[in-house]
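Only one structure is covered here, and it is reproduced in the block below.
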Amino acid sequence: MPVLAFLILFPLLPALLLSVVSHQGARTWIVRLGVLALALAAVLLAKDHLASGPAFYSPAIPHLEGAIFAGEMLLYLYLLWRCRQIRALEAWVPLVLLLQAGVIAYTRLGLPPVPAERIFGVDNLSILMALIIAVVGGLVCAYAVPYMKDFHDQHPEIRDRRRPFFFLLFLFLSAMFGIVFSNHLGLLFFFWEITSLCCFLLIRYAGSEESIRNAYRALGLNLLGGLAFALGLWWLSRHAGTLDLDRVVTLGKAGALAALVPVVLISFAGLTKAAQLPFQSWLLGAMVAPTPVSALLHSSTMVKAGVFIILKFSPVFLAHPSVGMPLALLGGLTFLVTSLAAVTQSNAKRVLAYSTVANLGLVVACAGVGSPQAVWAALLLVLFHAVSKGLLFQAVGAAEHGLHSRDIEDMEGLITARPALALAMLVGILGMFLAPFGMLVGKWACLQAFLRASPLLALLLAFGSAPTLFFWAKWMGKLASVAGRPRVRDSSGLDEWVSMGTLAVLTLAACGLFPLVSRVLIEPYLAPAAAPLSALGSGNLSVLLLMLGLLLLLPLAFLFYPRRGPLAAPYLGGANRQDEPGRFLGSLGRSFGSETRNYYLANLFSEKGLLRWGGVLGLGLILAMFLALPGSAAALPGPAPASLPAAPRFSPLGLLAYLVAAPLAGGLLAGADRVLTARLQGRVGPPLLQPFWDVAKLLKKRAGVVNRFQDYYVACFALFAVLAGGLFFAGGDLLLVIFALTLASVFLVLAGYSPHSPYSAVGADRELLQMMAYEPMLLILALGAYQAVHSFQVSALVAAGRPLVFTLPGVFLGLVFVVTIKLRKSPFDLSTSHHGHQELVKGLTTDLSGPSLAWVEVAHWYENVLLLGFVYLFFAAWPAWAALAATALVYALEVLADNACARLDYRTMIKSAWVVAGLLGAVNVLVLSYFGRS
Amino acid sequence: MGVFSKSPWILHYDASSCNGCDIEVLACLTPLYDVERFGIVNTGNPKHADILLITGAVNEQNLPVVRTLYDQMPSPKAVVAIGACALSGGIFQDCYNVHRGVDSAIPVDVYVPGCAARPEAIIDGVVQALGVLEEKAAAPAGRGEGGKAVAA
Ligand code: SF4
């Protein structure tokens with residue numbers, strides 16, 4: 001208890017000190033010491049309570065209820081006074097405020113008082129949150145000190161109100177601790193409103209017209225949630241006779257309407273705070289605030305409070321799927337819609353904001369499902385997201401101070417201009433979307449949990465993952481493009497670097513150590529029988545760790561790698577200016593630079609339209625949640641706990657066979673492709689073994705890389721492509737195979753971006769578009785396979801009694817469609833082509849030569865064998881010769897299509913691939929799950 | 001025979017020819033001649049190419065381009081000049097802006113005469129270039145390159 005009280009109350013001390021001190025040095029030290037104390041206290045709390053388990057405290061606080069009431073009323077008065085700057089259209093803000101105050105006043109004064117039994121509570125969820133708030137939130141505060149100094153140096157027109165600013169930061173932390181430790185909902189509500197207040201004041205910090213408007217929007221939407229919360233409190237006081245969170249959860253699980261209604265109301269409040277559809281606009285508007293505020297709101301406070309309260313109610317949603325499912329679907333929908341919206345943005349902070357909303361959507365979806373595995377995934381997501389997003393916001397802020405822009409296009413070439421900062425940003429981005437890093441592990445667990453609950457959710461995740469991949473990878477491409485920009489001196493202060501460095505290390509460490517975190521912190525929180533970690537499979541965990549190790553060790557290998565020959569210039573149609581690297585001689589003898597811009601897919605979908613329709617659907621789902629209430633009073637038994645998948649059986653023989661035979665088979669396939677193509681054109685064509693000669697020759701050529709990073713990217717591409725295939729043929733987890741394949745492709749794309757040549761860059765862009773097109777279908781392949789045999793294990797799929805092609809005809813056709821894209825066959829050979837017909841010179845591989853090109857080629861062989869392995873799965877129940885013949889037939893058809901089609905543009909590709917994935921794949925999966933369960 | 005003669009990848013550059021020779025080069029790819037039988041691929045990319053086929057007399061405008069393309073080809077590499085123009089400037093020899101043949105810009109290994117050069121002759125030229133390639137590949141690193149582009 002003392003530590004707990006310390007965490008809630010102590011931040012007020014630095015807050016008060018900082019509200020009077022304006023000396024930079026003193027401020028620095030107050031923040032440093034305060035943050036250190038908080039972090040230590042949080043660790044101490046974790047150490048104490050992890051051993052003893054959850055506990056409740058009811059200290060005798062005199063006049064607690066009266067004090068809360070007085071505090072709330074003061075808060076409302078202050079906010080009302082603050083509302084004096086509103087416009088006519090914002091009149092609803094004070095209106096909601098007054099309504100809320102009325103409801104609270106009526107509840108407190110008009111109803112008999114409800115005795116508070118357990119005022120504070122600590123469980124593993126609150127410990128996890130406290131650690132995040134103290135460490136990540138604390139680091140953001142430390143980062144803020146030098147940042148705000150720079151901020152005011154650069155913006156002399158903005159009034160320096162740093163004293164209230166730092167006061168608010170620490171008040172925010174205090175209120176957050178209050179939220180996570182309060183078991184008394186009345187008290188929790190008070191802290192809840194304080195966070196809304198802090199958020200409002202921080203957003204309007206700059207004092208500009210825009211910031212004031214956005215601050216009112218944030219306040220209004222959060223007050224709307226607050227109103228729902230207040231109504232929940234009223235209902236509880238009136239019908240349930242308790243305000244204790246744990247009692248409400250128990251009552252709700254039992255199906256008492258007295259508790260269910262407030263649960264839904266308070267979850268609604270959580271949805272507004274977590275900026276879920278249709279309330280996402282306030283978080284997007286909040287980025288007018290200085291960057292530390294965004295970092296705080298997105299990583300450790302505010303939005304996390306929203307998902308925290310929803311997660312608290314997850315047992316209720318598990319028991320009442322009729323209420324939980326609309327909530328889960330709302331989360332899934334938010335994930336899909338905001339991920340797509342992020343694709344349309346070039347402003348780094350907006351991209352980050354949309355990605356926050358999307359990831360919180362996943363957490364909400366997990367909470368709505370409520371099964372132990374889903375909650376496990378949610379907690380991991382919260383943890384990983386806090387660390388990576390904190391890091392990313394800080395890195396963007398630091399970049400903004402150097403570049404005077406937060407546009408991603410302006411971050412081109414950061415890897416040579418400010419290598420340390422670029423590295424920090426890259427680590428943050430990797431942490432957000434790629435295997436083996438944190439968020440992906442969380443997504444993987446989500447997918448497994450969703451499949452058991454509702455395949456529709458899993459499909460939303462499958463479609464939402466593709467845009468996520470797209471917008472992160474194109475950002476990485478900008479950073480990685482070596483544009484020959486001069487090195488910029490880093491102006492970031494020590495505290496900024498300590499903060500970013502710690503978070504970067506934490507991002508990496510969280511990936512390596514998450515099994516430990518899971519065992520110590522998260523699993524004890526779940527039902528005792530649940531073993532979500534083992535559901536991922538211990539073999540799979542080792543593979544993840546292996547991937548992490550490879551990624552981290554490979555750069556070291558390149559440090560000691562002998563430098564081969566001089567660097568080559570990028571390909572510019574031969575018109576390179578010798579005296580100006582990277583520029584070319586254009587018409588009239590003038591010198592031009594080459595520039596490429598990312599794709600924003602504005603001609604496919606618009607941010608506005610997405611949010612409008614997403615908002616409408618979201619409102620509908622919220623409505624469905626309320627409408628489901630009366631029917632759900634009769635407690636439904638939760639779905640039967642699904643049996644754990646059988647332990648994965650790795651077959652080393654398959655792995656060995658793949659490693660040795662795949663390049664042979666892949667080379668032969670490539671040769672067969674060329675011969676077949678020649679025959680179709682009335683030619684004789686090369687010998688069957690030609691591809692082997694090509695590679696042997698390339699290996700003997702002198703290498704000429706454009707920059708030193710290229711080889712690293714190519715090596716990673718080859719390595720992970722082989723790893724993906726090896727995993728597949730060893731009978732491993734299909735999802736992990738797909739993730740590894742994605743990782744490999746991202747590295748290939750980076751290899752295309754890094755030379756800063758227009759041909760490679762456009763090829764890389766198109767490769768990303770291709771990935772965006774085929775990714776949903778690949779994931780649907782895994783989902784369908786799971787529906788068919790209840791396992792992701794390739795070994796289980798091969799052992800299926802009935803050929804999958806009969807169970808999953810739609811998925812099969814969809815797969816054949818996207819394999820065309822993945823093999824880069826016409827009509828989808830956009831990024832590069834293995835044949836002569838490519839208007840981009842050689843697209844993606846233009847600036848690779850000699851041995852690098854040879855490795856890319858060999859990796860393609862490995863990859864192609866893996867893709868045909870996917871196809872083979874569908875016939876695996878047949879005798880081997882028949883299955884092989886069927887697979888060969890599919891390959892022949894791909895070659896035929898390659899020669900018979902003209903290339904389509906990227907819009908048609910994405911549209912058609914998504915439509916095919918939706919109509920054939922998704923429908924097949926849904927039909928199978930609802931009708932075909934054998 | 002080494003690997004270089006089994007997989008010659010070609011870059012074809014038109015240094016202001018009349019297009020007569022270009023059409024003959026492309027004719028080599030057609031079903032009638034089908035040079036892919038010998039593993040020859042028209043890459044269109046200096047960084048992938050082993051043999052540079054140049055048609056036309058180099059002129060003042062494209063001289064730096066020819067040199068850059070040649071420099072961007074990874075070693076070992078060979079150059080085949082095709083047609084009278086590429087050999088000596090041909091009928092354009094006396095034009096004010098024309099250089100007298102490709103070898104005034106970069107070292108040439110094989111000369112294929114003709115106006116236009118016949119596809120058979122072009123294929124024969126490439127085959128001879130293969131021998132040059134193998135020789136260069138066998139030579140110790142850094143030698144047998146014919147040096148950097150020669151000044152005009
Ligand atoms: S050699 Fe004759 S055909 Fe060839 S480019 Fe010169 S003029 Fe044209």
Side-chain angles (χ1 to χ4, degrees), chain A residues 565-566 568-578 584-585 589 674-675 677-679 681-687 689-706 755 757 759-760 832 834-843 845-853, chain B residues 1-15 26 28-52 54 60-77 130 133-134 136-138 141-142 145 149:
Chain A
Y571 179 68
L572 291 172
N576 306 53
R577 291 286 304 246
Q578 301 304 334
F584 64 92
L585 194 69
R674 283 175 70 174
V675 173
T677 299
R679 294 294 153 89
Q681 294 169 354
R683 297 186 287 118
V684 177
L689 296 183
Q690 185 61 41
F692 296 104
W693 294 117
D694 291 346
V695 163
K697 173 205 66 179
L698 285 173
L699 284 173
K700 283 201 164 179
K701 294 277 284 191
R702 195 88 62 74
V705 286
V706 177
S757 129
Y759 300 92
S760 313
T832 180
H834 294 93
H835 297 296
H837 43 88
Q838 173 53 262
E839 89 281 17
L840 284 177
V841 184
K842 274 290 178 184
T845 60
T846 300
D847 280 284
L848 296 171
S849 62
S852 316
L853 188 63
Chain B
M1 258 204 322
V3 283
F4 284 95
S5 23
K6 296 233 171 196
S7 159
W9 287 4
I10 303 268
L11 170 68
H12 167 214
Y13 184 71
D14 167 358
L26 293 179
C28 299
L29 301 172
T30 58
L32 189 60
Y33 298 101
D34 187 23
V35 286
E36 205 194 354
R37 281 178 297 155
F38 315 116
I40 298 178
V41 175
N42 186 11
T43 63
N45 177 356
K47 300 197 169 192
H48 291 193
D50 308 301
I51 300 176
L52 175 59
I54 297 200
E60 197 56 39
Q61 275 292 320
N62 59 35
L63 179 82
V65 176
V66 170
R67 284 183 183 155
T68 308
L69 289 179
Y70 177 76
D71 284 344
Q72 285 191 341
M73 288 170 62
S75 311
K77 55 193 168 188
L130 295 182
L133 264 185
E134 292 289 358
K136 286 182 178 176
E145 272 316 315

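Each chain gets a letter, A, B and so on, in the order the sequences are listed, and its residues count up from 1.
Although no hydrogens or angles enter the test, the distance criterion places a donor-acceptor pair under 3.5 Å between the side chain of Asn45(B) and the main chain of Thr846(A). Between the side chain of Lys701(A) and the main chain of Pro76(B), a donor-acceptor pair closer than 3.5 Å is present. Asp34(B) places a side-chain N or O within donor-acceptor distance of the main-chain N or O of Val684(A), the cut-off being under 3.5 Å. When atom types are taken as modelled, the side chain of His48(B) and the backbone of Gly850(A) share no donor-acceptor pair closer than 3.5 angstrom. Under the 3.5 Å distance criterion, the side-chain polar atoms of Lys697(A) are matched with a main-chain donor or acceptor of Ser7(B).
Neither the backbone nor the side chain of Asn62(B) comes within contact range of chain A, judged by heavy atoms closer than 4.5 Å. Using a 4.5 Å cut-off between heavy atoms, Val706(A) contacts chain B through its side chain alone, with no backbone atom that close. If you measure heavy-atom distances from Leu32(B) to chain A, you find no contacts under 4.5 Å at all. In this structure, the portion of Leu698(A) lying under 4.5 Å from any heavy atom of chain B is its side chain and not its backbone.
Atom CD of Gln681(A) and atom CD of Glu36(B) lie 8.0 Å apart (nearest 0.5 Å). Rounded to the nearest 0.5 angstrom, Met73(B) CE and Arg702(A) CZ are separated by 13.0 Å. If you take NZ on Lys47(B) and OG on Ser852(A), they are separated by 10.5 Å, rounding to the nearest 0.5 Å. The OG1 atom of Thr68(B) sits 10.5 Å away from atom OH of Tyr571(A), with the distance rounded to the nearest 0.5 Å.
Under the side-chain hydrogen bond (donor to acceptor under 3.5 Å, both in side chains) criterion, Thr43(B) pairs with no residue, sequence neighbours left out.
Contact record, Pro31(B) with Gly682(A): CB-O, 3.4 Å, taken as the closest heavy-atom pair. Nearest approach of Lys700(A) to Val3(B), heavy atoms of both residues: CD-CG2, 3.7 Å.
By the 6.0 Å contact criterion, CH2 on Trp693(A) is open, its count of non-hydrogen atoms from other residues, nucleotides or ligands being 12 or less.
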Exercise for the section: Decide yes or no on side chain to side chain contact (heavy atoms under 4.5 Å, CB included) for Asn576(A) and Gln72(B), but give the supporting numbers first. Expected result: CA-CA 10 Å; Asn576(A) 306 53; Gln72(B) 285 191 341; 3.5 Å; yes
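The residues Asp694(A) and Lys6(B) are annotated as not salt-bridged, no charged nitrogen and carboxylate oxygen being separated by less than 4.0 angstrom.
Here the side chains of Val41(B) and Arg674(A) are in contact, with some heavy-atom distance below 4.5 Å.
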